[in-house]
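Worth saying up front: this structure is predicted, and the values here are computed from it rather than measured.
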Amino acid sequence: MHAIPHLCPVAVAENRPGLRPTPWPDLTRAEPRTAGCLTAATAASVPVLRRFARGVAARWGLPAGIDDSLRLVVSELVGNAVRHSGGPDVALLLSVGHSTLAVEVQDNGRWRPHVGRPRHDDDLACGGRGLDIVAACTLRCTVHTRPDGTRIVAELSLRD
């Protein structure tokens, strides 16, 4: 990743058993792994965190079939945090267990509703469907709101 001072992740952490990628032979016996990254909540952080997530998935040897879903989920969740939270930073945490990859995005702002025209279900206008798309490509997606921020967890299946 090219380091641009205002786009550098504030913190990056990873907990994994080995230092090199390992194939994912048996998902039922895989050791849990976690990796996280904290960066400024700007539009430029969306591709930074998307690349971080893809790099972690590749290092962990996760099935290539989750790549498109992972990119979409990270883009939507981080984009929503940047656009709506008003907080100064956004955190991405990836956790892999037996057969799922959890993608968690946290912000420390207060929800700011998008100002614009209201959406109608039959409307072809862009916007307002991101969480519906995330829910469609994940096993589950939960939103936890608190006075000091929002935490969203989406779980992707590692099984074909």
Seminar exercise, completed: Output for pair (Leu77 CG, Thr150 OG1), nearest 0.5 Å, gives 11.5 Å
Seminar exercise, completed: Taken to the nearest 0.5 Å, the spacing of Ser75 OG from Asn80 CG works out to 10.5 Å
Exercise. So how far is it from Ile133 CD1 to Leu72 CG, rounded to the nearest 0.5 Å?
Worked result: 6.5 Å
Seminar exercise, completed: residues 37-46 vs salt bridge (charged side-chain N to carboxylate O under 4.0 Å, His left out), sequence neighbours excluded, gives none
Exercise. Between Thr142 and His144, what is the shortest heavy-atom contact and its length?
Worked result: OG1-NE2, 3.1 Å
Problem set entry | Those residues that, when tested against Thr100, pass side-chain hydrogen bond (donor to acceptor under 3.5 Å, both in side chains) (two or more places apart) | none
Exercise. With Cys141, which residues qualify under side-chain contact (heavy atoms from CB on, under 4.5 Å), at least two apart?
Worked result: Val134, Thr138, Ile152, Ala154
For this session: Not counting sequence neighbours, which residues clear salt bridge (Lys or Arg N to Asp or Glu O under 4.0 Å) with Arg50? List them please.
Result: none
Exercise. Nearest 0.5 Å, what's the CG-CD distance between Leu38 and Gln106?
Worked result: 10.0 Å
Exercise. Can you tell me how far the CG atom of Asp89 sits from the SG atom of Cys37, to the nearest 0.5 Å?
Worked result: 11.0 Å
Seminar exercise, completed: So the salt bridge (charged side-chain N to carboxylate O under 4.0 Å, His left out) pairs with at least one residue in residues 91-105 (sequence neighbours excluded) are Glu104-Arg151
Problem set entry | Test log, rule side chain to side chain contact (heavy atoms under 4.5 Å, CB included), inputs Ser85 and Val90 | CA-CA 9 Å; Ser85 80; Val90 61; over 6 Å; no
For this session: Tell me whether Val143 is reachable from Leu92 by hopping between hydrophobic residues (I, L, V, M, F, W, Y) whose side-chain heavy atoms are closer than 4.5 Å.
Result: yes
Exercise. Side chain to side chain contact (heavy atoms under 4.5 Å, CB included) between Asp148 and Asn108: does it pass, once the steps are laid out?
Worked result: CA-CA 5 Å; Asp148 62 340; Asn108 55 359; 5.9 Å; no
Exercise. When you measure from the side chain of Ser45 to the backbone N and O of Thr42, does any donor-acceptor pair fall under 3.5 Å?
Worked result: yes
Exercise. Roughly how far, to the nearest 0.5 Å, is the CG atom of Leu139 from the CG atom of Leu156?
Worked result: 7.5 Å
For this session: Identify the heavy atoms of Ala41 and Gly87 that sit nearest to each other, and give their distance.
Result: CB-O, 3.4 Å
Problem set entry | Residues that Ala57 engages under side-chain contact (heavy atoms from CB on, under 4.5 Å), provided they are two or more places apart | Leu62, Leu70
Exercise. Looking only at heavy atoms, which two atoms of Phe52 and Ala35 are closest? And how far apart?
Worked result: CZ-CB, 4.1 Å
For this session: Would you please test Leu101 and Trp60 for side chain to side chain contact (heavy atoms under 4.5 Å, CB included) and show each step?
Result: CA-CA 11 Å; Leu101 172 64; Trp60 287 349; 4.2 Å; yes
